[in-house]
Amino acid sequence: MTAPGDIRGSTGITPFLDVKDWAEVSAVSDDGQLATLDRPGVSAGRFALGAHSSAIAAADQIVLVTSTHASGELRADINGSRTHKAIQSGAVSMIPSGVTQQYVWDGTLTNTFVTIDQALIDAVTANDPHLQAVRGLEPRIGLHHRGLKRSIEELFQVMTRADLGWRTLSEAIAIRVAYEVLVAFGPQQKEDGPHPLGAAELDRVVAFIEAELERNFTVGEMAQLLDRDPFGFIRSFKATTGESPHQFVIQRRLSRAQEMLTQTSDSLAEIAFATGFASQSHMTATFTRLVGMPPGKWRRHI
């Protein structure tokens, strides 16, 4: 398989990887894992890579990827449509069945991926009259959808841990993931429901959050970026990402704090100030509640 000339030209890029190669990388990587479920046709894996180029051939599966850890630039050609985007930790991408993708990644990443047979998507659609209007899914790259991210990671954890009853639980989670994909990317919103943010609008809001993370900005400022009223903005943001603006900002502050804990020797007070928490105690309480241990202990553990 060859890539378009304007994509393949990068130096230092490893040869193309397809989804099967992802599985092989997952199997041999130090922190990689892979699991498959023959029925209903689901696989899950995790791999860590540096700069590389990759391809997803048209297949009867959808591919969902969440960047567990990532920092870099993605240049992609999806069915002939080119995109260039910065990808950060927590981003989610979805490639539907029947779609070809070629891309070049410059940076570092740890990706958790799930593949689901189109047959399962069709079965979920057929069993829910509200989803029967869905006719095809559009590829999406670098989304911020916390609900789908959590589901992908949960399915991976259950399948690779293989505890008692993992097959039945995996199948149930896979069905839920299929439903979430259809709700997020397929059906039209009801006329009286919230209108999701467009991709450009969401990118603008996320860029603002990342740039202003260290200060205590308001939802009103975020809504003003898009000329929306705050209440309508909150509903649209949640319809797009699966969580409220407040939850999203807290998660971004937490992710930034984790990066600083692992990449700097800054004190906890300095990190709390740099990531927009009200105080060190506020960061510690939030970190402990969401991560399961205080930041100082987490830093030593990592």
Side-chain angles (χ1 to χ4, degrees), residues 19 22-23 25-27 29-37 40-49 56 61-72 74 87-95 105 108-117 120-121 124 140-163 165-185 206 238 240-244 247-259 261-262 286-293 298 301-302:
V19 174
W22 287 4
V25 172
S26 299
S29 176
D30 289 341
D31 60 352
Q33 292 175 282
L34 175 71
T36 60
L37 189 66
V42 178
S43 66
R46 175 177 290 167
F47 60 86
L49 286 174
I56 299 175
Q61 295 174 319
I62 67 166
V63 179
L64 292 160
V65 182
T66 181
S67 298
T68 307
H69 301 289
S71 178
L74 181 73
I87 303 294
Q88 297 176 328
S89 300
V92 174
S93 298
M94 188 277 295
I95 306 299
W105 168 257
T108 59
L109 61 79
T110 298
N111 274 351
T112 303
F113 72 91
V114 169
T115 67
I116 299 177
D117 281 0
L120 177 58
I121 300 291
V124 171
R140 300 297 296 272
I141 302 296
L143 295 177
H144 295 273
H145 196 293
R146 189 69 58 180
L148 194 53
K149 173 183 178 292
R150 282 195 296 261
S151 294
I152 294 169
E153 292 178 337
E154 181 185 9
L155 181 55
F156 165 77
Q157 293 292 345
V158 169
M159 290 182 67
T160 54
R161 202 168 52 231
D163 291 338
W166 73 273
R167 291 182 180 277
T168 301
L169 182 56
S170 296
E171 184 169 344
I173 298 172
I175 292 171
R176 190 181 77 213
V177 171
Y179 178 83
E180 289 177 341
V181 167
L182 288 163
V183 170
F185 306 122
V206 171
K238 188 166 186 178
T240 306
T241 67
E243 59 187 356
S244 70
Q247 291 171 319
F248 185 89
V249 171
I250 289 296
Q251 287 289 348
R252 287 310 307 153
R253 286 187 169 134
L254 187 65
S255 296
R256 180 78 61 83
Q258 288 177 308
E259 291 172 5
L261 286 166
T262 58
T286 303
F287 198 102
T288 303
R289 175 170 57 86
L290 296 177
V291 178
M293 66 178 72
W298 185 86
H301 176 74
I302 294 298

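These numbers were taken from a predicted model, which means no experiment stands behind them. FYI, side chains are in, hydrogens and waters are out, and symmetry mates aren't considered; it's all heavy atoms of this structure.
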Are Arg46 and Thr68 close enough that some pair of their side-chain heavy atoms sits under 4.5 Å apart?
yes

When you compare the side chains of Thr115 and Ser43, does any donor N or O come within less than 3.5 Å of an acceptor on the partner?
yes

Does a side-chain heavy-atom distance below 4.5 Å link Arg140 with His145?
no

Any idea which heavy atoms bring Gly142 and Ile87 closest together, and the distance?
CA-CD1, 3.8 Å

Nearest-0.5 Å distance that lies between atom CG in Leu148 and atom OG1 in Thr241
11.5 Å

Search all heavy atoms of Ala178 against all heavy atoms of Val124 and return the closest pair with its distance.
CB-CG2, 4.0 Å

Of all heavy-atom pairs linking Val158 and Ser170, the shortest is CG1-OG, 3.4 Å

Derivation of the side chain to side chain donor-acceptor pair (under 3.5 Å) call for Glu153 and Thr112
CA-CA 7 Å; Glu153 292 178 337; Thr112 303; 5.1 Å; no

Just wondering, do Val177 and Ile175 contact through their side chains at under 4.5 Å, heavy atoms?
no

Polar side-chain atom of Gln247 near backbone of Ser244 as donor-acceptor pair, under 3.5 Å:
yes

Does the side chain to side chain contact (heavy atoms under 4.5 Å, CB included) test come out yes or no for Ile152 and Val92, once each step is laid out?
CA-CA 9 Å; Ile152 294 169; Val92 174; 4.1 Å; yes

Is the shortest heavy-atom distance from the side chain of Glu171 to the side chain of Arg176 under 4.5 Å?
no

With rounding to the nearest 0.5 angstrom, report the CZ to CG distance, Arg253 to Leu290.
13.0 Å

Test side chain to side chain contact (heavy atoms under 4.5 Å, CB included) applied to Arg150 and Glu243, step by step
CA-CA 11 Å; Arg150 282 195 296 261; Glu243 59 187 356; 4.2 Å; yes

Minimum heavy-atom distance Ala48-Thr110, with the two atoms named:
CB-OG1, 3.7 Å

Are the side chains of Ile95 and Ile141 in touch, meaning some heavy atoms are under 4.5 Å apart?
yes

I would like to know whether Phe113 and Phe156 meet side chain to side chain contact (heavy atoms under 4.5 Å, CB included); could you show each step before the answer?
CA-CA 8 Å; Phe113 72 91; Phe156 165 77; over 6 Å; no

If the plane angle is over 60° it's perpendicular, under 30° parallel, otherwise tilted; pick one for His144 and Phe248.
perpendicular

So how far is it from Glu180 CD to Met94 CE, rounded to the nearest 0.5 Å?
13.0 Å

Side chain proximity check, Trp166 to Thr160, heavy atoms < 4.5 angstrom:
no

Heavy-atom check, side chain of Phe287 versus side chain of Leu254, under 4.5 Å:
yes

Do Thr66 and Asn111 come within less than 4.5 Å of each other through their side chains, counting heavy atoms only?
no

Run Leu109 and Phe47 through side chain to side chain contact (heavy atoms under 4.5 Å, CB included) and show every step you take.
CA-CA 8 Å; Leu109 61 79; Phe47 60 86; 3.9 Å; yes

What's the separation between atom CG in Leu143 and atom OG in Ser93, rounded to the nearest 0.5 Å?
6.5 Å

Of all heavy-atom pairs linking Met159 and Val42, the shortest is CE-O, 3.7 Å

Tightest non-hydrogen contact, residues Glu259 and Ser89, listed as OE2-OG, 4.2 Å

Backbone of Gln88 reached by a side-chain donor or acceptor of Ser67 within 3.5 Å
no

